[in-house]
> 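Structure in structure tokens, see below.
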Amino acid sequence: MFNRVIVWFRNDLRVHDNAPLFNAVQKAKEVIPVYCFDPRNFSKMELGLEKTGNFRAKFLLEAVTDLSQNLRSLNGDLLLLKGKPEERLVDLALQIHADAIFFSEEVTSEEKEVEFKLEQHAWKQGIKTSSYWQSTLFHIQDLPFPIMQTPEVFTQFRKECEKFGKIQKPLPVPKRIPFPKEKFETIELPKLSTFGLKEPVKSTRSVLEFVGGETEGLGRLQAYFWERDQLKNYKETRNGLLGPDYSSKFSPWLAIGCLSPRIIYEEVKRYEKEREKNQSTYWLIFELIWRDYFRFISKKHGNKIFQLTGIKYKVEKYSRNESLFWKWAKGETGIPFIDANMRELNNSGFMSNRGRQNVASFLVNDLGMDWRWGAMYFESMLIDYDVCSNWGNWMYVAGVGNDPKDDRYFNTLRQAKNYDKKGEYIRHWIPELAAIPGFDIHQPFELPPSTLKGYGISLGVTYPHPLVKLKAWI
């Protein structure tokens, strides 16, 4: 039994199904929850991109606020620190005479480096550390293969997990957190300006207002499954582009651990018992398994997922033309289906899965750009940025990941025809083209200037000329 344990919250901002918190409450007389804002997570990357952009940062601050309130409701509290966690947490442990630091285990190099240094530093000071695996649906110990033998093809991974793996029950919320009565030093919750970020402008066009925190995440789960009964249609609607309910939208809350994948799984199983079991209910679990897959592949391959050659050691010719890249990033390619998706991302921090595949394929395959720039842009912008899923998916589209097909090419106009035949999505995000009827809105560059003039449009003035026009699209 420990006298006093620090629980360091990372990408597990919840009180339900939280292994470090649950175990600390079981094993310690006193438990002190802590969140540390690491300045390195708010630094600049290549191209001057913020590592954590304003949409992501705002969502994180909301989630930390909500976690603090949820801990207080359990008689606990949340201390806030700023600095390098591997230093600040050990300093705090020494200052308040904590015996141990419990935390959630991560996968990729930056996070692993912090864990390693924390453990080293703590060990030298006689402070114990205990890490817990908890970010996946299947626990790492319950996989039917060693991590280094994780199948390279998703279908094989999924089938083996479904047949031989087991999914543990979620851990309950502690009834009470034994938080000490004394006062501790803590910083004020930072503002976006603390990190040099501006408040994001609310867009009236956004599909959903995403608010960070476990309370909001559980609320979304309740609304999507039970109140609006959307789970039964998930497989049919998941490739949608407009509206709040074409997909579950759980990913932002999953990304920083406001929702546990196992709690979602339990709710799917309850839905199947109480409402309906069909392909859609299975498909939501199927998507959670994809998420697991990218995490275990990242653990298996390490830093290869961040390299140009990916895990296939394959090098294609590529360009690093900044001017071209920023046209893509700002939604100024002159290809409406690409631009509308990029505008949605820039104005809301979110983009549909269908959109992500198309804009990624366009950047890599049509513009011939370095796929890692696209992955970095998503890292900065997406509120549901998850390092393993993001870099795994970009590798996949770039043909250097776990795709059995070598060329994962998305024909932009064909995709537009399949998923936005009437052009409603384009009208929503590119109002300057709204007057063009039907599918023509997807290819204004094919219309004569006189016709465009009748709609009040002049290419190169009101909307850009296309960066590329490909025979492959015909």
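Excluded from the calculations below are hydrogen atoms, water molecules and symmetry mates; all remaining heavy atoms, backbone and side chain alike, are included.
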> Would you check if the distance from the ring center of Phe286 to the ring center of Phe154 is below 6.0 Å?
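Centroid distance Phe286-Phe154: below 6.0 Å, so yes.
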> Would you call Arg220 and Glu209 a salt bridge, taking side-chain N to carboxylate O under 4.0 Å as the test?
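Between Glu209 and Arg220 there is no salt bridge, as every charged N stays at least 4.0 Å from the carboxylate O atoms.
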> Are Trp253 and Phe250, when compared by the centres of their aromatic rings, separated by less than 6.0 Å?
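Centroid distance Trp253-Phe250: not below 6.0 Å, so no.
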> Look at the side chain of Asn11 and the backbone N and O of Gly257, then say whether any donor-acceptor pair between them is shorter than 3.5 Å.
no
> Inspect the contact between Arg295 and Asp386 and indicate whether a charged nitrogen and a carboxylate oxygen are less than 4.0 angstrom apart.
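Arg295 and Asp386: salt-bridged.
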> Between Lys51 and Glu110, does any side-chain N to carboxylate O distance fall below 4.0 Å?
yes
> If you measure from the Lys or Arg side-chain nitrogens to the Asp or Glu carboxylate oxygens, is any gap between Arg262 and Glu266 under 4.0 Å?
no
> Kindly state whether the ring of Tyr293 and the ring of Phe157 have centres lying under 6.0 angstrom apart.
yes
> More than 12 heavy atoms of other residues, nucleotides or ligands under 6.0 Å from NZ of Lys159: yes or no?
no
> How about Phe306 and Trp394: are their ring centres within less than 6.0 Å of each other?
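No, the ring of Phe306 stays outside the 6.0 Å limit from the ring of Trp394, centre to centre.
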> When rounded to the nearest 0.5 angstrom, what distance separates CG in Asp420 from CZ in Arg427?
8.0 Å
> When you check the gap from the basic side-chain N to the acidic O, do Glu106 and Lys112 get nearer than 4.0 Å?
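Answer for the salt bridge query: no.
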> Look at Glu115 together with Arg10 and state whether they make a salt bridge at an N to O cut-off of under 4.0 Å.
yes
> Is it the case that Lys249 places NZ or CZ above or below the six-membered ring of Tyr246, under 6.0 angstrom from the centre and within 45 degrees of the axis?
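Output yes; distance and angle both within limits.
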> Centre of Phe350's six-membered ring, under 6.0 Å away, within 45 degrees of the axis: is that where NZ or CZ of Arg356 sits?
yes
> Assess whether a salt bridge exists between Lys300 and Glu152, defined as any Lys/Arg side-chain N lying under 4.0 Å from an Asp/Glu carboxylate O.
yes
> Here's one to test your reading of the geometry: is the NZ or CZ of Lys417 within 45 degrees of the ring axis of Phe439 and under 6.0 Å from its centre?
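Yes, Lys417 sits over the ring of Phe439.
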> Do Arg40 and Glu86 meet the salt-bridge criterion of a basic N to acidic O distance under 4.0 Å?
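The answer is yes: the pair qualifies as a salt bridge.
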> Do Trp133 and Gln141 pair up side chain to side chain, a donor and an acceptor below 3.5 Å, judged on atom types alone?
no
> Suppose we call two aromatic rings close when their centres sit under 6.0 Å apart. Are Tyr318 and Trp371 close by that rule?
no
> Within the 3.5 Å criterion, strictly below it, is a donor on Asp292 or Thr136 matched to an acceptor on the partner's side chain?
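No donor-acceptor contact under 3.5 Å links the two side chains.
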> More than 12 non-hydrogen atoms from neighbouring residues, nucleotides or ligands closer than 6.0 Å to CD on Gln279, yes or no?
no
> Quick one, Tyr234 and Glu287 - any side-chain contact, counting heavy atoms below 4.5 Å?
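SC-SC contact between Tyr234 and Glu287 confirmed.
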